[in-house]
Amino acid sequence: MCAAILPASVACNGMSDAGDPSSAPAAPPGEQAAVTPPLAASPGGASHPDEGVILAEIATVVRAAPGALDVLSLVAVTWPDGCLGLAEPGQVCSQALVDGWLATVKMPDGTERRFRGGAGRVVAERR
């Protein structure tokens, strides 16, 4: 029985962790999770929203016209949890991986801010 279980556990432990955020070096709080190529389809086959959709979502969050914002960078990201990697102490988050995105946006006042999205949520990173 052990011989049958051992190869399976070795095979599982020997698998690549490339897509596993827990295997990546720990990022400081408020930093991004494992990053995949810009706006690539997620492993499940679902594609990420386009830049226009993301810009409209961010504009709603910051109460600005989409035309007043400028997307400087946009990458597809797999977040480590339902809080998009931004859980506060004591906050409960789903522990499932969440396909989403990370955007750096130039605000109307000229400042740059980063936003995280996924699972129907958009969250501004702390400044």
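On a predicted model such as this, the values are computed, not experimentally measured, just so you know.
- At distances below 3.5 Å, not a single donor-acceptor pair connects side-chain atoms of R116 with backbone N or O atoms of V123.
- A87 pairs by the side-chain contact (heavy atoms from CB on, under 4.5 Å) definition with C83, Q91, C93, not counting sequence neighbours.
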What verdict does the side-chain contact (heavy atoms from CB on, under 4.5 Å) test give for V62 and M107, after you've listed the backbone C-alpha separation in whole Å, the side-chain angles of each residue and the deciding distance to 0.1 Å? CA-CA 9 Å; V62 298; M107 305 302 290; 3.8 Å; yes
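- Applying the salt bridge (charged side-chain N to carboxylate O under 4.0 Å, His left out) definition to pairs two or more places apart or across chains, none involves residues 58-67.
- In this structure T111 satisfies the side chain to side chain donor-acceptor pair (under 3.5 Å) test together with D109, sequence neighbours excluded.
- Among pairs with a residue in residues 78-89, those fulfilling salt bridge (charged side-chain N to carboxylate O under 4.0 Å, His left out) read E88-R126, at least two apart in sequence or across chains.
- Atom CG of residue L84 and atom OG1 of residue T78 lie 11.5 Å apart, to the nearest 0.5 angstrom.
- A distance of 4.5 Å separates CG of L102 from CH2 of W79, quoted to the nearest 0.5 Å.
- A 4.5 Å side-chain heavy-atom check between L74 and I54 finds at least one atom pair inside the cut-off.
- Taking all atoms of both residues into account, the shortest heavy-atom contact from L69 to A64 is CD2-CB, 4.3 Å.
- What you find for I58 and A103 is that their closest heavy atoms are CD1-CB, 4.1 Å.
- Linking Ile, Leu, Val, Met, Phe, Trp and Tyr whenever their side-chain heavy atoms come within less than 4.5 Å leaves L55 and L72 in two separate clusters.
- Scored by the side-chain contact (heavy atoms from CB on, under 4.5 Å) test, A124 finds R113, F115 as partners (sequence neighbours excluded).
- Listed by chain and number, the residues in a side chain to side chain donor-acceptor pair (under 3.5 Å) with T60 amount to none (sequence neighbours excluded).
- Although no hydrogens or angles enter the test, the distance criterion places no donor-acceptor pair under 3.5 Å between the side chain of W101 and the main chain of E51.
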